[in-house]
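Here is the structure we will look at, set down as structure tokens.
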Amino acid sequence: MYFPVYRGRRMRRTEQLRSLVRETALSVNDLILPLFVRFGENVRQPISSMPGHFQLSMDCMVEEARKAHQLGINGVLLFGIPENKDPLGSEAYSHEGVIQQAVRQLKDTLPELVVITDVCLCEYTSHGHCGVISGQDVDNDATLELLCRMAVSHAEAGADIVAPSDMMDGRIGAIRASLDENGFPSVAIMSYAAKFASAFYGPFREAADSAPQFGDRKTYQMDPANSREALREVWLDVEEGADIVMVKPALPYLDVIREVRDSFDLPLAAYSVSGEFAMVKAAAEKGWIDGERIMMEILLAIKRAGADIIITYNAVDAARLLMQK
Ligand code: PBG
């Protein structure tokens, strides 16, 4: 059956033949758009390392979400920039917090758009860590209670899915129990199950003003060297009640995405993070690469690796291109 009987080029001869045997298809239904929301009116504060992205006041955020929705994007993932920060991140779980207000406005205007909220304290704490500080480290179990309050307050505001990104142990089970006890059994959890301590989050920390003021996140986020541990983290979150599991970042962790896909049958999300976006934008601006083609190739690769859902800052641009096809 080898050459010359088998000729791989036979099925690559025309676009029609190629599309007949194409194994992976990217769809606008796969995409989720992250948005950064802040207080104020008519504010579009550019994020310098993420061209085309802004810290948006709620009115502008709703407009961006509307545009995305019109292009066929099913969901947005909201990150909040609070008015004030304190050691316990209290705006994160306040009824009048930025996310709680934003979700209410979004649900009033676009009720069918899937609203996902980031559940993590780092944007809200004065020290920039993802939980309660005790000594020089984050106290896992003391943080759980705050994360639960945050998730419940997002559910009260109308979030469809809460997405804990903090990497504390046991938070999926704790949040599931709190949601259920507070009357939100239908609110889903998208767990950042395998989230690595990555330098690829750099631009995001400018966007969300969430860089840790001392140390780093290596005592809670995963070591980039570990993929067996990633499976263990995913397994725990599945056991604790996650509805969707996530691998983050995406492009440098395609092997992890594939392993998770092969080992679990839950919907799998991949988060193509700020640094992945910024690298491509910067190289394209220099004229070194074809930014659009590379963007689509990366999204396809993430899908091929096994992701069902891709969270990407390119969601709107990719949706436009998919529509033209
Ligand atoms: C909050 C959070 C981060 C990201 C998503 N949620 C930053 C971090 O963990 O430092 C990163 C997203 C991105 O880089 O696009 N914990």
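Given the structure is predicted, the values throughout are model-derived calculations rather than measurements. Note that ligands are numbered from 1 as they come in the structure, with each ligand's atoms numbered from 1 the same way. Numbers for residues simply follow the sequence, beginning at 1.
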Evaluate Glu123 for polar contact with ligand 1, using N/O atom pairs at a separation under 3.5 Å.
no
One finds that the ligand 1 atoms under 4.0 Å from a non-hydrogen atom of Asp118 are 6 (N)
Looking only at distances, please establish whether an N/O atom of ligand 1 is found under 3.5 Å from an N/O atom of Tyr192.
no
Is the closest N or O pair between Gln221 and ligand 1 shorter than 3.5 Å?
yes
Quick check for you: to the nearest 0.5 Å, what is the distance between Ile311 atom CD1 and Ile116 atom CD1?
6.0 Å
The closest protein heavy-atom partner of atom 6 (N) of ligand 1 is Lys248 NZ, 3.3 Å
Basic-acidic side-chain contact under 4.0 Å: Arg44, Glu64:
yes
Start with the C-alpha distance between Phe54 and Phe36, add both sets of side-chain angles, then the distance that settles ring-ring contact (aromatic ring centres under 6.0 Å, His included), and finish with yes or no.
CA-CA 7 Å; Phe54 304 83; Phe36 299 97; over 10 Å; no
Considering only the protein, which heavy-atom contact is closest to atom 12 (C) of ligand 1, and what is its distance?
Phe204 CD1, 3.3 Å
With under 30° as parallel and over 60° as perpendicular, where do the rings of Phe204 and Phe79 fit, or are they tilted in between?
perpendicular
Interfacing atoms of ligand 1 (cut-off 4.0 Å, heavy-atom, Tyr313):
12 (C), 13 (C), 15 (O)
What atoms of ligand 1 come closer than 4.0 angstrom to any heavy atom of Cys122?
1 (C), 16 (N)
With heavy atoms and a 4.0 Å threshold, my read on which part of Ser165 contacts ligand 1 is both
Is it the case that the ring center of Phe214 lies less than 6.0 angstrom away from the ring center of His129?
yes
Do the charged groups of Glu15 and Arg22 touch, with an N to O distance under 4.0 Å?
yes
Report yes or no: do Asp118 and Ser165 form a side-chain donor-acceptor pair below 3.5 Å?
yes
Check if Phe79 has a non-hydrogen atom at a distance under 4.0 Å from any atom of ligand 1.
yes
Linking I/L/V/M/F/W/Y whenever their side-chain heavy atoms sit closer than 4.5 Å, directly or via other members, would Met58 and Leu35 fall into one cluster?
yes
Quick check on Glu276 - does any of its heavy atoms sit under 4.0 Å from an atom of ligand 1?
no
Check whether NZ of the Lys or CZ of the Arg Lys248 lies under 6.0 Å from the centre of the six-membered ring of Tyr201 and within 45 degrees of that ring's axis.
yes
Minimum-distance protein heavy atom relative to atom 16 (N) of ligand 1:
Lys195 NZ, 3.1 Å
Side chains of His69 and Glu112: do they bring a donor and an acceptor to under 3.5 Å?
yes
Ligand 1-proximal atoms of Ser274, by part, heavy-atom distance under 4.0 Å:
both
Within-shell test, Ser210 vs ligand 1, heavy atom, strictly < 4.0 Å
no
Heavy-atom distances under 4.0 Å are what count here, so tell me which part of Tyr271 touches ligand 1: side chain, backbone, both or neither.
side chain
